[in-house]
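Proteins get letters first, then strands, A, B, ... in listed order; numbering begins at 1 in each.
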Number of protein chains: 4
Amino acid sequence: MLLDKRTAKANGIVQAAVLLFGKKGYAFTSVEEIAAAAGVGKSTVYDYYKNKEALFKAAVISAAERKLSDLKAITSSTDDPLERMKRITEMYLASDRSECSGLSKLFVEVLSQTQLQGGVFFNQRHMIQKVYQRMIRTVLDLLLEGVSMRKLRPDIARHAEMITINFFAFLDGLTMQSMIAGDHIDMREQAGLYLEQLKDILLPGQGIGT
Amino acid sequence: MLLDKRTAKANGIVQAAVLLFGKKGYAFTSVEEIAAAAGVGKSTVYDYYKNKEALFKAAVISAAERKLSDLKAITSSTDDPLERMKRITEMYLASDRSECSGLSKLFVEVLSQTQLQGGVFFNQRHMIQKVYQRMIRTVLDLLLEGVSMRKLRPDIARHAEMITINFFAFLDGLTMQSMIAGDHIDMREQAGLYLEQLKDILLPGQGIGT
Amino acid sequence: MLLDKRTAKANGIVQAAVLLFGKKGYAFTSVEEIAAAAGVGKSTVYDYYKNKEALFKAAVISAAERKLSDLKAITSSTDDPLERMKRITEMYLASDRSECSGLSKLFVEVLSQTQLQGGVFFNQRHMIQKVYQRMIRTVLDLLLEGVSMRKLRPDIARHAEMITINFFAFLDGLTMQSMIAGDHIDMREQAGLYLEQLKDILLPGQGIGT
Amino acid sequence: MLLDKRTAKANGIVQAAVLLFGKKGYAFTSVEEIAAAAGVGKSTVYDYYKNKEALFKAAVISAAERKLSDLKAITSSTDDPLERMKRITEMYLASDRSECSGLSKLFVEVLSQTQLQGGVFFNQRHMIQKVYQRMIRTVLDLLLEGVSMRKLRPDIARHAEMITINFFAFLDGLTMQSMIAGDHIDMREQAGLYLEQLKDILLPGQGIGT
DNA sequence: TATGAATGAGCTTTCATTCAT
DNA sequence: GATGAATGAAAGCTCATTCAT
């Protein structure tokens, strides 16, 4: 009971943090703002998290976990491998638009804090890597499963990890493009083009060798 | 003569700014540091740039211009469209490794400042868009030239811009992946895989319709 | 019965306070620390003591009372006035070394809080004076008793208070010296030298006039 | 010229710090107060001293140096060893009363910060020891010089350091007594008594053996 | 013209104290 | 009766920016 209450409050703070860190970035977000957004006093935040950095890490982990679970939810929504990839793509594109989630923006912030000297994750990228690898693993498994179900070409098994990484690289990159270009580019079309290429590689009875 | 001197000094400051903003990010870099790195006094920076924001913008523009000119240099180094794409790719991967340039890191910072409320480029993404579009235009032209030289499939002309955007999206995304994953992934291999796919689309006598 | 329980808990808190205030000083000791050390909740402390100041005062009084009772214990341990002085001296030196008591350090803290504007005892030194005077009175009586027992020179009676005050001054000062000098000085030897001088004054058949 | 100006300002800040740290103690004095007292802005203090601790150390050193130079000044004011001791004593008593100098109070603060866990000088007492040893050395030399001038008993040479340390212990202790007792004790009389005892030890042709 | 000296706004963090449970 | 959760005030410190020289 008591623990639940505590957890609930901690969650509230973290959710506010996810939103604000995503919206304004680590440096431009003050702890006081987060506290206000969470509807608690400034120092209450410090009762739950050692300091701003710890709160940021918690926020990032929380957001990443949610994204990961979304990813897994998709896996169980359909059997078709390509349909799965498509839905993952759509999730990515959607999460970008919906202001409330703020996941992608937060992701850029994580990237910053991983790269920059003095950044929260500088020299601590293993924390981020772990989450990232789990995401890759999820899609990678999806591909391998497609192969074993004979829905995908058997010879991609060897390259499955590379394909997955490229897939995420493209999604991240496209997200970034849209951040800059705004409505100038049609993300859905762009992603469609990429998925077409993917189909050529993944589906049997197509591609070079046939 | 005098103007040249002024320009030279302004350049020195901007170069220092590019380096430091790339290394430590906007928020974690102080004007004083930049001044020191440029070998000038703190307030001299303000003689040349209205404020920190203006300096950041100038630094970003400068770095982008250099990258753009690198891009164009590649175009004139060979005729073969695919070889050009390959060299562009290599340039991207290289610029990431070489600490001195710091372009990629700076690019992430730009992304942050474009997205984040309170960021330098928030609601001013047109500045960034302009540069970006010039880069896209450059590669786009390269593709169209390939078509008109009959080295590329004629039917890609319609999709050339989308292909280009996807190309950049992939490159940016891959760069980000490597920022997080570090040596865990082999960027060259990953890029190679992508270029193979590109070849399938771009080169005549290959692909679906054959 | 109930009152006893209450008193016992109050004592526990005060003892913890004596220890911590002595070790870390008033300003650097938080109420929470004291509560934790006493094994009670933070707000329980406030049930027993109005605020941090009141707790500090109680701690100081408690420690002083204990020292005073130690002093009186010595008086009853031997009849010889000089031996008594010697044992008092030893008690002082010992109490300094034994970390657990922390009395001397606490005494320095009291001194601070008496002197400093904003200090707990600022403009309330009468509280401290009272305790101090009782200590002086104890040793003073000891001297007078020595005179009336004809073990000490009769003419010191007039100066007995001054001698006592100087005695305490020396003991306090020596304690401070050792706090700073650490092992560089041999407190026992230093005290021995002082006691020799005291002997010259106090014992009959010695000194100038004889 | 410029350096002098800087030094002058630094001095002003330190003097304000000596006063306030002496009056209100380290913990109860805010940097802002010191800045205000010195007539400068808050952050100017940080231009001259790295942080509050560094400022405190500088203040202590400054005050100690002044006291030391006062001590040496006394040495050159008369030849007579006992008169010198007397004047040193008077200086101690005087410095205590004059609120402006605040040296003694500051000294108590130093003691606190040396003893207390978390104190500025905790585990750094060597800084304080050095100053203290120079003060002891000065008086010690004074005694030895008295011996070599045949104004003091030759056999005290062996004990000169112990005598000096006891002398300072007494002076410090007496100062503390007066801090607590206020006007209840006559420091001049108390010191007079001690100096009488000293005379018995130091002067030839007096003492036990005669 | 170029500079370092100066500053105040604003941030992170701590802690004595209160109050609902 | 005892407690931990909550808080606001206040402190140390940084830094973009201005200004006199």
Side-chain angles (χ1 to χ4, degrees), chain A residues 1-3 5-6 9-10 13 26-36 38-55, chain B residues 2 5-6 9 26-36 39-56, chain C residues 2 5-6 9 26-36 39-56, chain D residues 1-3 5-6 9-10 13 26-36 38-55:
Chain A
M1 212 49 110
L2 283 177
L3 282 183
K5 214 171 171 184
R6 224 188 134 72
K9 196 152 226 169
I13 293 171
Y26 181 77
F28 290 153
T29 305
S30 74
V31 173
E32 192 158 19
E33 276 174 306
I34 294 171
V40 300
K42 197 187 339 178
S43 50
T44 302
V45 173
Y46 286 93
D47 276 355
Y48 288 85
Y49 299 94
K50 193 175 156 267
N51 51 27
K52 198 186 179 186
E53 267 199 37
L55 176 56
Chain B
L2 282 175
K5 212 170 169 185
R6 214 184 144 73
K9 202 156 212 171
Y26 182 77
F28 291 154
T29 305
S30 72
V31 173
E32 191 159 18
E33 274 176 306
I34 295 171
V40 300
K42 202 186 335 177
S43 45
T44 304
V45 173
Y46 286 89
D47 279 352
Y48 289 85
Y49 300 95
K50 190 175 161 267
N51 52 24
K52 197 186 180 186
E53 270 198 35
L55 176 55
F56 183 66
Chain C
L2 283 176
K5 212 171 171 185
R6 214 182 145 73
K9 203 157 212 171
Y26 181 76
F28 290 153
T29 305
S30 72
V31 174
E32 191 159 18
E33 275 176 305
I34 294 171
V40 300
K42 201 184 340 176
S43 45
T44 304
V45 173
Y46 285 89
D47 280 351
Y48 288 86
Y49 300 95
K50 188 175 162 266
N51 52 23
K52 198 185 179 185
E53 270 198 36
L55 176 55
F56 183 67
Chain D
M1 211 53 109
L2 284 176
L3 284 182
K5 215 169 169 184
R6 224 188 135 73
K9 196 152 227 168
I13 293 171
Y26 182 77
F28 290 152
T29 305
S30 74
V31 173
E32 194 158 18
E33 276 175 306
I34 294 171
V40 300
K42 197 191 338 178
S43 49
T44 301
V45 173
Y46 287 92
D47 276 356
Y48 288 85
Y49 299 94
K50 192 174 159 267
N51 51 26
K52 197 185 179 185
E53 267 199 39
L55 176 55

K.L.:
Specify the separation, in whole Å, of atom CD1 of B:Ile34 and atom C1' of F:dA16.
P.N.:
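Computing the B:Ile34:CD1 to F:dA16:C1' distance gives 11 Å.
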K.L.:
Is it true that the NZ or CZ of B:Lys52 lies under 6.0 Å from the centre of B:Tyr26's six-membered ring and within 45 degrees of the ring axis?
P.N.:
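Positive - B:Lys52 is close enough to the ring of B:Tyr26 and near enough to its axis.
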K.L.:
Using a cut-off of strictly less than 4.0 Å, decide whether A:Tyr48 has a side-chain nitrogen or oxygen near OP1 or OP2 of F:dA6.
P.N.:
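Answer is yes, contact under 4.0 Å.
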K.L.:
Would you mind reading off the distance between B:Glu53 atom CD and F:dT17 atom C1', rounded to a whole angstrom?
P.N.:
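About 13 Å, once rounded to whole Å.
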K.L.:
Any side-chain N or O of D:Lys9 below 4.0 angstrom from OP1/OP2 of E:dA6?
P.N.:
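Yes.
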K.L.:
What is the minimum heavy-atom distance between A:Tyr48 and A:Ala10, and which atoms define it?
P.N.:
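Minimum heavy-atom contact is CD2-CB, 3.8 Å.
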K.L.:
Shortest non-hydrogen contact from D:Ile34 to D:Ile13?
P.N.:
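Result for this residue pair: CG2-O, 4.0 Å.
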K.L.:
If I take atom CD in residue B:Glu33 and atom P in nucleotide F:dC15, what distance separates them, rounded to the nearest angstrom?
P.N.:
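B:Glu33 atom CD is separated from F:dC15 atom P by 8 Å.
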K.L.:
How close do B:Ala54 and B:Lys50 get, counting heavy atoms only, and between which atoms?
P.N.:
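Looking at all heavy atoms of both residues, the shortest contact is CB-N, 4.0 Å.
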K.L.:
Could you check B:Thr29 against A:Val45 and say which one's nearest nucleotide on DNA chain F is further toward the 5' end?
P.N.:
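Its nucleotide being nearer the 5' end, the pick is A:Val45.
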K.L.:
Consider the side chain of C:Thr44, meaning its heavy atoms from C-beta on, and name the nucleotide among F:dT17, F:dC13, F:dT3 that approaches it most closely.
P.N.:
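Selected nucleotide: F:dT3.
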K.L.:
Of C:Val40 and D:Tyr26, whose nearest nucleotide on DNA chain F comes first from the 5' end?
P.N.:
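Mapping each residue to its closest nucleotide by heavy atoms, the 5'-most match is C:Val40.
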K.L.:
F:dT3, E:dT3, F:dG12: which one has an atom nearest the side-chain heavy atoms of D:Val31?
P.N.:
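When the side chain of D:Val31 is considered, F:dG12 is the closest of F:dT3, E:dT3, F:dG12.
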K.L.:
Searching all strands shown, indicate the nucleotide that pairs with E:dT12 (Watson-Crick or G-U wobble; both distances under 3.5 Å).
P.N.:
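With both distances under 3.5 Å, E:dT12 matches F:dA11.
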K.L.:
In whole Å, I'd like the distance from the OH atom of A:Tyr49 to the C1' atom of F:dA6.
P.N.:
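So the two atoms are 16 Å apart, to the nearest Å.
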K.L.:
Does D:Lys42 place a side-chain N or O at less than 4.0 Å from the phosphate oxygens OP1/OP2 of E:dG8?
P.N.:
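For E:dG8, neither OP1 nor OP2 has a side-chain N or O of D:Lys42 closer than 4.0 Å.
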K.L.:
Output the rounded distance in Å from CD1 (A:Ile13) to P (F:dA5).
P.N.:
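After rounding, the gap between these two atoms is 12 Å.
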K.L.:
With respect to the side chain of D:Ser43, which nucleotide from E:dG4, F:dA11, E:dT7 is positioned closest?
P.N.:
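Among E:dG4, F:dA11, E:dT7, the one nearest the side chain of D:Ser43 is E:dT7.
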K.L.:
In terms of side-chain heavy atoms of D:Lys52, which of E:dT13, E:dA16, F:dC13 is nearest?
P.N.:
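That would be F:dC13.
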K.L.:
Taking it one step at a time, do C:Tyr46 and C:Val31 satisfy side chain to side chain contact (heavy atoms under 4.5 Å, CB included)?
P.N.:
CA-CA 9 Å; C:Tyr46 285 89; C:Val31 174; 3.7 Å; yes
K.L.:
What heavy-atom pair brings B:Gly41 and B:Ala35 nearest, and what distance separates the two atoms?
P.N.:
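Shortest heavy-atom contact: O-CB, 3.6 Å.
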K.L.:
Where each residue is assigned the nucleotide of DNA chain E containing its nearest heavy atom, which of C:Phe28 and A:Ala27 is assigned the position nearer the 5′ end?
P.N.:
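Comparing both residues, the 5'-ward one is A:Ala27.
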K.L.:
Tell me which nucleotide, if any, is Watson-Crick or G-U wobble paired with E:dT21 when both distances must be under 3.5 Å.
P.N.:
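Looking at the geometry, E:dT21 pairs with F:dA2.
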K.L.:
Base, sugar-phosphate alone, or nothing: which one does D:Asn51 contact when heavy atoms must sit under 4.0 Å apart?
P.N.:
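Sugar-phosphate only.
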K.L.:
Let me know the distance between CG of D:Leu55 and P of F:dG12, rounded to the nearest Å.
P.N.:
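Value for this atom pair: 10 Å.
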K.L.:
OH of A:Tyr46 versus P of E:dA16: gap in Å, rounded?
P.N.:
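Rounded to the whole Å, the gap is 18 Å.
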K.L.:
Could you state the atom-to-atom distance from CD of D:Glu32 to P of F:dA10 in whole Å?
P.N.:
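Computing the D:Glu32:CD to F:dA10:P distance gives 11 Å.
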K.L.:
Name the closest nucleotide to the C:Asp47 side chain, picking from F:dA2, E:dC11, F:dA16.
P.N.:
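My answer, after comparing the listed nucleotides, is F:dA2.
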